[in-house]
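Structure, as C-alpha cells:
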Number of protein chains: 2
Amino acid sequence: MVRAGLSAARLTEAAAEMADEVGFDHVTVSALARRFGVKDASLYSHVKNLRDLRVRVALLAGEQLTDRIAVAVAGRAGKEALVAFADAYRRYALDHPGRYAATQMRLTPEEAAGSVALRRSIELTYGMLHAYGLAEPDATDAGRLLRAAFHGYIHLELGEGFRHPREVQESWSRSLDALHVLLTNWPSQREEGAR
Amino acid sequence: MVRAGLSAARLTEAAAEMADEVGFDHVTVSALARRFGVKDASLYSHVKNLRDLRVRVALLAGEQLTDRIAVAVAGRAGKEALVAFADAYRRYALDHPGRYAATQMRLTPEEAAGSVALRRSIELTYGMLHAYGLAEPDATDAGRLLRAAFHGYIHLELGEGFRHPREVQESWSRSLDALHVLLTNWPSQREEGAR
DNA sequence: ATCCCTTCCTAGGAGCTCTAGGCAGAAGCC
DNA sequence: GGCTTCTGCCTAGAGCTCCTAGGAAGGGAT
C-alpha cells in the first residue's frame, strides 16, 4: 500500500486551495480526506480537529496577504503606498476568496500568538500613515477606518453586494482617491466643529 | 397533547433571538426545535429547510435595521444625518450581533425579491449623499465607501479585531468626523491629481 | 532481522439535515 | 351532534458530518 504522504503543512495547503474553490466554510475534514484518497479519521494524526485546520489556513493566508502587501508598498509613500497597499489587499482577496475569508476568522490570543503576520501588517499600516504625517491617536483611528473600508469593500464585492452597474474597479479607484484626500486632511481633535 | 403553536413567523423570530445569543451560524434546525420542545422534523412543515430559515432571519433583520436607520435620519441632513445613520447602524449590530450577521448573508435575487428593505436602505443612503451635494457617479462611489466603512468597522469591532486599547467609541466618532470631511470634500473626477 | 514509531486503517458514537409516512387534534359541513 | 378533511406534530430512518479508540502495516534505526 502506498502512503498518501500527509502532513500538517500539506493538509493546510490543500485546505487553502479547497477554500478558494468551494468557499472557506465548505472545507470539511471528510472532503479534505476524500481529496487525498484517505479516510477522514486519518487526518486526525496531523491536525487536532476542524478548528485547528481552519486556524492553520487562516494563519497561512494571513502571512501570504501580509507578504504581498509588504512587497507592494516597499519603497513607496503617500498616495502611491496607499494605492499599492489597497490594490495588493484587494487583489489577494479576489484571487483567493477562500483564503481571504480565512483571514477574517476570529482567533483566540493563543491561536494568533505564533504568527508574526498580524504584527507586521499593523506595522505596515502605521508606516504608511506616519508618511501621511499622522501621529497618535489619529494614526490608530485612521488605521481602523482604512482597514474597515478595505475589508468592507471586499466583502461587498465578494458578496456581490454591488447591484448597481457602475464598474467596481472604477469605484474602487475613486474611493482610494477619496481616502487619500481624507488622510491628507485628517481632522484632528480641535480643528473640527459642527458642519 | 398541547400543540406548540409553530408558524414560520414564530420560528423566524425565535431563530433571530437565538442567533443573537449563540451566533448566526450556530442556529440549527434541531436546536430551534429543542427550544420549542418539539422534534426537528416538525419544523419542516413551516420552513423549507435550513437555508430557508436563515434567509427569513436575514430578511427580518434587514427590515429591522432599515427601520431603525429610517427613524434615526428622519428630518436630518449633513453631518447630523451621517452620524445618526452610522450610529443606528452600529447600535443595531452591537445590540443584535446574530441578526446583523444574518444581514450579511448573500441572497440570490429570488430570495431578496420579496424584501423592500434593501431598496429602501439604498434610498436612505442616496438621500443622505444628495444632501451633501453629491450626484452620480460620485454618489454611488461614496455610498459604497460608506457602506464598506460601516460594515468593516462593525466587523472588526464584533470580531474584536481591535487589540489596541484606544476606546472604540472614540475611534468611531473620529472616523465619522473624518467621513464627514470626506463627503464635503469629495474629489470629483477632474480636480484630483497625484499628491 | 528486529524493534519502534508513524501512518493509515476499521469500527463506532453522537449530532446534524431532511424525507416519508402515520396519528390525532382542530376546523368546516351537514 | 357526527362526519370528513386539513394540518400540526409525530416516529422511523437515510445520509452526511466530526471525532475517538484501538489495530495493522510501512519505514527507519539498531
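Order of the sequence lines sets the chain letters (A, B, ...), proteins ahead of strands, with each chain counted from 1. Computation of the quantities below employed the complete heavy-atom set of this structure, encompassing side-chain atoms and omitting hydrogens, waters and symmetry-equivalent molecules.
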Lys/Arg-Asp/Glu bridge criterion (N-O < 4.0 Å) met for [X], [Y]:
| X | Y | result |
| --- | --- | --- |
| B/R91 | B/D95 | yes |
| B/R54 | B/D25 | no |
| A/R90 | A/D87 | no |
| A/R56 | A/E63 | no |

Are B/T66 and B/R120 close enough that a side-chain donor and a side-chain acceptor fall under 3.5 Å?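 B/R120 and B/T66 do not have a side-chain donor-acceptor pair below 3.5 Å.
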Got a sec? Which of residues 23-32 of chain B come in under 4.0 Å of DNA chain C, heavy atoms? B/T28, B/V29, B/S30
What parts of residues 40-56 of chain A reach DNA chain C, counting only heavy atoms under 4.0 Å away?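 Close to the strand are A/A41, A/S42, A/S45, A/H46.
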So, for B/H96 and B/Y100, is the gap between ring centers shorter than 6.0 Å? no
Centres of the B/Y132 and B/H180 rings: under 6.0 Å? yes
Without decimals, in angstroms, what is the distance between [X] [atom1] and [N] [atom2]?
| X | N | atom1 | atom2 | result |
| --- | --- | --- | --- | --- |
| B/R34 | C/dA14 | CZ | C1' | 12 Å |
| B/R35 | C/dC16 | CZ | P | 14 Å |
| B/K39 | C/dG15 | NZ | P | 12 Å |

What verdict does the salt bridge (Lys or Arg N to Asp or Glu O under 4.0 Å) test give for A/D177 and A/K79, after you've listed the backbone C-alpha separation in whole Å, the side-chain angles of each residue and the deciding distance to 0.1 Å? CA-CA 8 Å; A/D177 292 341; A/K79 189 172 183 183; 2.7 Å; yes
